[in-house]
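Beneath this line is the structure, given in structure tokens, with notes to follow.
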Amino acid sequence: MKITEHIKKANGKTLFSFEVIPPKKGNNIQELYDNINPLMEFKPPFIDVTTSREEFVYIHKENGLLDRKITRMRPGTVGICAAIKHKYDVDTVPHVLCGGFTKEETEYVLVDCQYLGIDNVMALRGDAMSHQKYFEPNHEGNHYALDLVRQIQNLNSGKYLHDVVESSNKSDFCIGVAGYPEKHIESPSLQSDLKRLKEKVDAGADYVVTQMFFDNQKYFQFVQAARDIGIKVPIIPGIKPIAVERHLQLLPQVFKIDIPESLISNIESCKTNKEVRNVGIEWAIEQSKELLAAGVPVLHYYSMGKSDNIKAIAKALF
Ligand code: FAD
């Protein structure tokens, strides 16, 4: 079922959902299930599965030179979505990236999703590779998430890249895109970023999931500004509980987001990692309570591979 249908069916009740990361290759899927199991009592209608792009590795050759190869540490998003969907009878949302994929590869990913009964996809550009300063698209790939939304919409209208396919069974993907209450790191301004978001929605995106934020006012202002420029689709807040003290530096550096002073001082006064984790949980609960009261359609949590803190938050709210 589409995310938009889940939201409609909930009839104003806020839903609970979360995002998981595929295991590193070589590991068993059981660890992922062990993290999902404790969250299923809160009846998430959907679970997102992230995709990570390729990285270069350098292999030492016998002649002393280095050979550059491409590798993916966490492959298998669509397979994992299918496994979770069938194990738990829940909708799953694979994240589909521009970065590192040709349009043809993307088409095959989407065709697989259709075969597997996956109704939703999250269309994202992806980031630069770790050695790059700026994002560079694959020369046969999509440049912006907007281009990816267009490719998915084309498929929804039966238009494949190179083939004319006579089909009475077109795809009908519900498309999610990313939104940034504190603007995307590369964007010259929040307003300019919002215009880019509107382009994605105008091209056919059905809903938005936000980047994490720690100050709800940023989300409320973002939603208002989005409504003001005519973005009407659901805007789902993404919540991440701080889990380690290092997040105080890491999250602003990677995502260009602000952390409120009181959260910083609460974390800095902790003496153990457990205390930090508890402060993160408490903050996320307070944030979520206010968002619930404001009637957000879904509270979507970034689990980053561990679910104990998300469970504690969900228990206090759902
Ligand atoms: P876009 O919408 O393409 O925007 C990227 C930048 O380009 C923005 O600054 C925008 O303002 C600008 N822009 C857009 N169109 C144009 C144009 N025509 N001309 C000039 N500038 C333009 N990353 C992963 O690698 N894997 C994941 O699974 C993943 N999941 C995510 C889930 C969520 C909810 C969020 C919020 C982010 C996620 N990301 C993920 C991170 C995301 O890939 C990065 O934030 C990336 O840098 C931007 O992706 P986007 O889809 O927002 O890009």
Side-chain angles (χ1 to χ4, degrees), residues 16-40 42 44 47-53 55 73-74 77 80 95 124 126-130 178 180-185 209-219 236-291 299-318:
F16 163 75
S17 75
F18 59 95
E19 176 185 291
V20 296
I21 304 172
K24 278 196 181 151
K25 67 181 168 202
N27 288 304
N28 195 288
I29 197 169
Q30 188 56 45
E31 195 188 328
L32 188 56
Y33 291 154
D34 291 344
N35 274 301
I36 293 175
N37 287 339
L39 300 178
M40 293 314 289
F42 307 106
I47 299 172
D48 276 50
V49 181
T50 63
T51 294
S52 42
R53 61 171 306 174
E55 290 297 339
M73 279 315 289
R74 295 176 189 271
T77 297
I80 290 166
H95 290 194
L124 298 148
D127 286 314
M129 291 170 82
S130 52
Y180 301 84
E182 297 175 64
K183 95 172 180 67
H184 182 256
I185 190 162
V209 182
T210 75
Q211 183 57 278
M212 66 184 75
F213 55 90
F214 294 92
D215 173 356
N216 285 349
Q217 292 316 310
K218 301 256 166 76
Y219 168 81
I236 298 174
I239 308 288
K240 174 173 167 47
I242 286 203
V244 289
E245 191 172 357
R246 199 164 52 89
H247 281 160
L248 288 185
Q249 287 77 42
L250 194 70
L251 301 178
Q253 187 194 343
V254 176
F255 302 112
K256 190 113 183 3
I257 47 170
D258 270 353
I259 301 192
E261 284 307 319
S262 52
L263 178 54
I264 298 172
S265 58
N266 287 355
I267 291 198
E268 285 179 345
S269 64
C270 291
K271 293 190 177 57
T272 62
N273 286 337
K274 189 154 188 281
E275 279 179 33
V276 172
R277 216 166 166 80
N278 285 338
V279 168
I281 290 169
E282 281 312 314
W283 189 273
I285 290 173
E286 290 313 309
Q287 256 195 292
S288 305
K289 279 184 181 162
E290 193 182 17
L291 292 163
L299 283 165
H300 184 72
Y301 294 93
Y302 297 117
S303 82
M304 306 285 191
K306 292 263 179 275
S307 63
D308 60 308
N309 50 1
I310 309 296
K311 176 166 182 169
I313 297 161
K315 220 174 172 69
L317 299 159
F318 291 94

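What you see is a predicted model, and the numbers here were worked out from it, not measured in a lab.
In this structure, Phe214 and Leu251 have side chains that are in contact, with non-hydrogen atoms separated by less than 4.5 Å. Side-chain contact between Ile47 and Ile36: present, with at least one pair of heavy atoms (C-beta onward) separated by less than 4.5 Å. In this structure, the side chains of Met304 and Lys240 come closer than 4.5 Å at one or more pairs of heavy atoms.
Applying the side chain to side chain donor-acceptor pair (under 3.5 Å) test to His95 and every residue at least two apart in sequence or in another chain returns Asp48. For Phe213, the ring-ring contact (aromatic ring centres under 6.0 Å, His included) partners at least two apart in sequence or on another chain are Tyr219. Remark: Gln30 engages Asn28, Tyr33, Asp34 in a side-chain contact (heavy atoms from CB on, under 4.5 Å) (not counting sequence neighbours). A search for side chain to side chain donor-acceptor pair (under 3.5 Å) contacts involving Asp215 returns nothing, not counting sequence neighbours. Gln253 is linked by a side chain to side chain donor-acceptor pair (under 3.5 Å) to nothing, counting only residues two or more places apart in sequence or in another chain. Take Val244 and apply the side-chain contact (heavy atoms from CB on, under 4.5 Å) test, not counting sequence neighbours, and it matches Arg246, His247. Taking the ring-ring contact (aromatic ring centres under 6.0 Å, His included) definition, one finds that Phe255 meets it with nothing, sequence neighbours left out. Applying the side chain to side chain donor-acceptor pair (under 3.5 Å) rule to Thr210 yields no partners; only residues at least two apart in sequence or on another chain are considered.
Sorted by first then second residue, the side-chain hydrogen bond (donor to acceptor under 3.5 Å, both in side chains) pairs that include residues 264-288, not counting sequence neighbours, are Asn216-Gln287, Arg277-Asp308, Ser288-Tyr301. Pairs of residues two or more places apart, or lying in two chains, that qualify as salt bridge (charged side-chain N to carboxylate O under 4.0 Å, His left out) and include a residue from residues 309-318 are Glu41-Lys311. Sorted by first then second residue, the salt bridge (charged side-chain N to carboxylate O under 4.0 Å, His left out) pairs that include residues 247-260, not counting sequence neighbours, are Lys218-Asp258. The salt bridge (charged side-chain N to carboxylate O under 4.0 Å, His left out) pairs that include a residue from residues 20-32 number zero, where partners must be two or more places apart or lie in different chains.
One distance of note links CD1 of Ile267 with CD1 of Ile242; it measures 4.0 Å at 0.5 Å rounding. Separating the OG atom in Ser130 from the CD atom in Glu55 is a distance of 3.5 Å, to the nearest 0.5 Å. Rounding to the nearest 0.5 Å gives a distance of 8.5 Å between OG of Ser52 and CD1 of Ile21. To the nearest 0.5 Å, atom CZ of residue Phe16 and atom CG of residue Leu39 are 5.0 Å apart. Between Ile310 atom CD1 and Phe18 atom CZ the span is 9.0 Å, to the nearest 0.5 Å.
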**Report entry** Verdict with reasoning, Val20 to Asn35, per side-chain contact (heavy atoms from CB on, under 4.5 Å)
**Finding:** CA-CA 9 Å; Val20 296; Asn35 274 301; over 6 Å; no

Requested in this report: Step by step, work out the side-chain contact (heavy atoms from CB on, under 4.5 Å) result for Cys270 and Val279.
Outcome: CA-CA 8 Å; Cys270 291; Val279 168; 3.5 Å; yes

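Across all non-hydrogen atoms, the minimal contact from Pro23 to Ile29 is CG-CA, 4.4 Å. Across all non-hydrogen atoms, the minimal contact from Ala284 to Pro241 is CB-CB, 4.1 Å. The nearest pair of heavy atoms linking Leu124 to Ala178 is CD2-CB, 3.7 Å.
Note on ring orientation: taking the six-membered ring where Trp is involved, the planes of Tyr302 and His300 are perpendicular (angle over 60°, cut-offs 30° and 60°).
Side-chain atoms of Glu19 and Thr50 include no donor-acceptor pair closer than 3.5 Å.
Remark: the backbone N or O of Pro44 is not paired with any side-chain donor or acceptor of Ser17 at under 3.5 angstrom.
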